[in-house]
Novice: 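First the structure, which I've put down as structure tokens, then a few questions once you've had a look.
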Amino acid sequence: METSAAMDVEQQPSPNNNNSNNLKRFALKNSIQTNFSDDYVFQIIPKDDWSSMAVSLSSNTVKLYSPESGQYYGECKGHYATINQIMFSDASNSHVLSSCSSDGTIRAWDTRTFQQVSSINAGPSQEVFSFSFGGPGGNLIAAGCKSQILFWDWRNKKQIACLEESHVDDVTQVHFVDEEQSKLISTSVDGLICTFDTTGDINDDDHLESVINVGTSIAKVGIFGDNCQKLWCLTHIETLGIWDRKNGRNEVNFLDARGLASESWNLDQVDYFVDCHYSKEAEKLWVIGGTNAGALGYFPVNHKGQATIGGAEAILEGGHTGVVRSVLPMSRFHGGPAHSSVSSGIFGWTGGEDGRLCCWLSDDSTQINQSWIASTTIMKPEKTGKKKRHRPY
């Protein structure tokens with residue numbers, strides 16, 4: 001088993017290039033109030049063919065919209081606790097949407113009828129923070145729970161394994177690797193990134209391949225680069241690290257990532273990071289930072305040679321009035337769909353704690369500044385306690 005300790009390196013920012021030709025500002029096309037202002041938007045994901053996008057809300061529902069027009073399609077309702085992740089199935093079963101929740105279940109929905117079609121229960125008092133489909137035969141569901149990783153065969157919903165010795169705190173993310181479907185990556189509040197081989201009878205002793213110690217609670221991790229060799233890692237204290245997945249080597253830790261990003265634009269300081277996005281075509285990684293007032297910036301990350309977080313290359317402001325939780329890019333250059341005709345000049349969608357979905361234009365369309373509220377509101381639910389920004393799972 002390979003083990004690597006984090007190397008803490010603070011890098012200097014590149015010169016402010018807000019006036020360079022790289023900077024693009026995007027206009028607000030429209031905004032949708034998803035329900036009432038008490039709701040948060042947690043996550044936005046696209047269907048494989050981009051005919052719809054799913055939006056998870058703090059009201060424990062998932063709503064579906066058109067990513068091109070913003071038209072409301074319907075909602076999936078059944079969870080009774082926070083929805084932590086949503087995911088569409090592959091192209092062969094693209095009408096199925098799956099979701100996991102702190103109610104301990106992973107549920108599947110038919111997006112044509114908005115009805116639940118199946119459910120897996122992780123057990124009493126469990127919470128499911130993340131899930132992923134994969135495995136050697138493509139028939140496994142892995143779920144990150146309270147210090148455990150559970151596995152089911154999705155064909156018969158039978159639990160086949162439980163890993164409970166590799167993590168000692170909540171498992172925030174699980175990901176099967178696209179290029180190596182037998183490999184599973186998990187992250188946790190305990191600061192560890194673990195890699196497992198899910199071939200055969202899965203257990204902690206024989207299937208844990210490597211451990212990376214990030215040293216602090218992990219919020220999000222993503223796989224990128226040639227042969228899916230690199231990992232980016234965002235922590236709950238807003239640091240950013242880049243790792244080599246194959247050998248566990250830490251390439252750089254941006255300990256003051258917010259400070260570096262803040263110095264790279266002329267807006268308010270960056271208060272948090274929403275996500276990272278990688279473009280295969282451009283071979284480029286961006287970290288997306290936001291302000292508490294709702295402005296967003298795409299900051300390029302150079303992790304080779306002199307590591308830097310560069311000046312913002314895209315700025316989205318004027319749409320949100322609070323913390324942004326999710327970004328769905330539709331521009332191909334920023335990791336969106338391969339067919340530019342799908343986006344119709346749309347750069348992407350964002351959602352946040354103001355309960356609003358914002359659509360951003362990447363051209364000089366005449367549709368700019370046409371704001372509207374979707375007529376899809378329902379009876380206002382009882383107010384529930386809001387989750388803190390630093391517990392995003």
Novice: With sequence neighbours left out, what residues match A81 under side chain to side chain contact (heavy atoms under 4.5 Å, CB included)?
Specialist: S101, S102, D103
Novice: Salt bridge between E164 and K146, side-chain N to carboxylate O under 4.0 Å?
Specialist: no
Novice: Between T111 and H95, is there a donor-acceptor pair closer than 3.5 Å when you use the side chain of the first and the backbone of the second?
Specialist: yes
Novice: I need the minimum non-hydrogen distance between C145 and Q126, along with the two atoms involved.
Specialist: CB-OE1, 3.3 Å
Novice: Looking only at atom types and distance, does a side-chain atom of S66 sit under 3.5 Å from a main-chain N or O of S69, one as donor and one as acceptor?
Specialist: yes
Novice: Between the main-chain N or O of E283 and the side-chain N or O of S279, is there a donor-acceptor pair closer than 3.5 Å?
Specialist: no
Novice: Report the residues that fulfil salt bridge (charged side-chain N to carboxylate O under 4.0 Å, His left out) with K47, sequence neighbours left out, ordered by chain and then residue number.
Specialist: none
Novice: Regarding Q229 and E179, is there a side-chain donor-to-acceptor distance under 3.5 Å anywhere?
Specialist: no
Novice: Got a sec: does the CG of D201 have more than 12 other heavy atoms crowding it under 6.0 Å?
Specialist: no
Novice: Please enumerate all residues that pass side chain to side chain contact (heavy atoms under 4.5 Å, CB included) together with A161, with sequence neighbours excluded.
Specialist: F151, I202
Novice: Kindly indicate, with the supporting measurements, whether the criterion ring-ring contact (aromatic ring centres under 6.0 Å, His included) is fulfilled by W265 and F299.
Specialist: CA-CA 9 Å; W265 70 354; F299 300 92; 5.2 Å; yes
Novice: Any non-hydrogen side-chain atom of V171 less than 4.5 Å from a side-chain atom of T187?
Specialist: no
Novice: My understanding is that only residues two or more places apart in sequence, or in another chain, count here; which of them pass salt bridge (charged side-chain N to carboxylate O under 4.0 Å, His left out) with D190?
Specialist: none
Novice: Kindly say whether S51 contributes a backbone atom to a donor-acceptor pair with the side chain of D49 at under 3.5 angstrom?
Specialist: yes
Novice: State, yes or no, whether a side-chain contact exists between P329 and F347 at a heavy-atom distance under 4.5 Å.
Specialist: no
Novice: Please determine, by modelled atom types, if D204 and S166 share a side-chain donor-acceptor pair under 3.5 angstrom.
Specialist: yes
Novice: Roughly how far apart are D354 CG and T321 OG1, rounded to 0.5 Å?
Specialist: 4.0 Å
Novice: Quick one: list whatever passes side chain to side chain contact (heavy atoms under 4.5 Å, CB included) with F114, sequence neighbours left out.
Specialist: L64, Y73, C76
Novice: Test your reading of the model: is there a side-chain donor-acceptor pair from Q269 to the backbone of S262, 3.5 Å cut-off?
Specialist: no
Novice: Locate the shortest heavy-atom distance separating S89 from N93; write the atom from each residue and the value.
Specialist: CB-O, 3.2 Å
Novice: Checking the side chain of T350 only, and the main-chain atoms of V327 only, is there a donor and an acceptor separated by less than 3.5 Å?
Specialist: no
Novice: Mind checking whether V211 and I193 have side chains closer than 4.5 Å, heavy atoms only?
Specialist: no
Novice: Give a yes or no answer on whether the side chain of D170 reaches the backbone of T172 with a donor-acceptor pair at less than 3.5 Å.
Specialist: no
Novice: Can you list everything that forms a salt bridge (charged side-chain N to carboxylate O under 4.0 Å, His left out) with D153? Sequence neighbours excluded, please.
Specialist: R155
Novice: Evaluate the side chain to side chain contact (heavy atoms under 4.5 Å, CB included) criterion for residues F273 and L240: first the C-alpha distance (whole Å), next the side-chain angles of each, then the deciding distance (0.1 Å), finally the verdict.
Specialist: CA-CA 9 Å; F273 292 115; L240 169 65; 5.5 Å; no
Novice: Which value, rounded to the nearest 0.5 Å, describes the distance between I223 atom CD1 and K183 atom NZ?
Specialist: 12.5 Å
Novice: Could you list the residues that satisfy side chain to side chain donor-acceptor pair (under 3.5 Å) with S99, not counting sequence neighbours?
Specialist: H79, W109
Novice: Measuring only between side-chain heavy atoms, which start at C-beta, is R245 closer than 4.5 Å to E180?
Specialist: yes
Novice: Donor-acceptor check, side chain of Y272 to backbone of N292, threshold 3.5 angstrom: yes or no?
Specialist: no
Novice: Any idea how F224 and H303 line up, ring-wise: parallel (<30°), tilted (30 to 60°), or perpendicular (>60°)?
Specialist: perpendicular
Novice: Can you sort out the partners of D206 under salt bridge (charged side-chain N to carboxylate O under 4.0 Å, His left out), two or more places apart, ordered by chain and number?
Specialist: none
Novice: Please name all residues satisfying side chain to side chain contact (heavy atoms under 4.5 Å, CB included) with Q181, sequence neighbours left out, ordered by chain then number.
Specialist: F176, D178
Novice: Would you confirm whether K77, through its side chain, and S59, through its main-chain N or O, come within 3.5 Å as a donor-acceptor pair?
Specialist: no
Novice: How long is the span from the CZ atom in F42 to the CG atom in L57, to the nearest 0.5 Å?
Specialist: 8.5 Å
Novice: S188 pairs by side chain to side chain contact (heavy atoms under 4.5 Å, CB included) with which of D169, V168, V174, I149?
Specialist: D169
Novice: Check this for me: does any side-chain nitrogen of one of K246 and D244 sit under 4.0 Å from a carboxylate oxygen of the other?
Specialist: no
Novice: Test of understanding: with side chain to side chain donor-acceptor pair (under 3.5 Å), list the residues that count as partners of S147, not counting sequence neighbours.
Specialist: none
Novice: Can you see which heavy atom on T105 is nearest to which on S119, and at what distance?
Specialist: CB-OG, 4.0 Å
Novice: Start with the C-alpha distance between Q85 and S130, add both sets of side-chain angles, then the distance that settles side chain to side chain donor-acceptor pair (under 3.5 Å), and finish with yes or no.
Specialist: CA-CA 6 Å; Q85 185 184 355; S130 178; 2.9 Å; yes
Novice: In the hydrophobic cluster built from side-chain contacts under 4.5 Å, what are the other members alongside F131?
Specialist: M87, I106, I120, V128, F133, I141, L150, W152, W154
Novice: Salt bridge or not for D271 and R258, using N-O below 4.0 Å?
Specialist: no
Novice: If I take atom CD1 from residue I185 and atom OG1 from residue T195, how far apart are they, to the nearest 0.5 angstrom?
Specialist: 4.5 Å
Novice: Can you confirm whether the side chains of H167 and S186 place a donor and an acceptor under 3.5 Å from each other?
Specialist: yes
Novice: So Y72 and K63, side chain to side chain contact (heavy atoms under 4.5 Å, CB included) or not? Walk me through it.
Specialist: CA-CA 8 Å; Y72 172 72; K63 294 191 176 184; 3.8 Å; yes
Novice: Can you pull the ring pair (Phe, Tyr, Trp, His ring centres under 6.0 Å) pairs that have at least one residue in residues 196-217, sequence neighbours excluded?
Specialist: none
Novice: What are the two closest non-hydrogen atoms of H236 and S217, and how far apart are they?
Specialist: ND1-OG, 2.5 Å
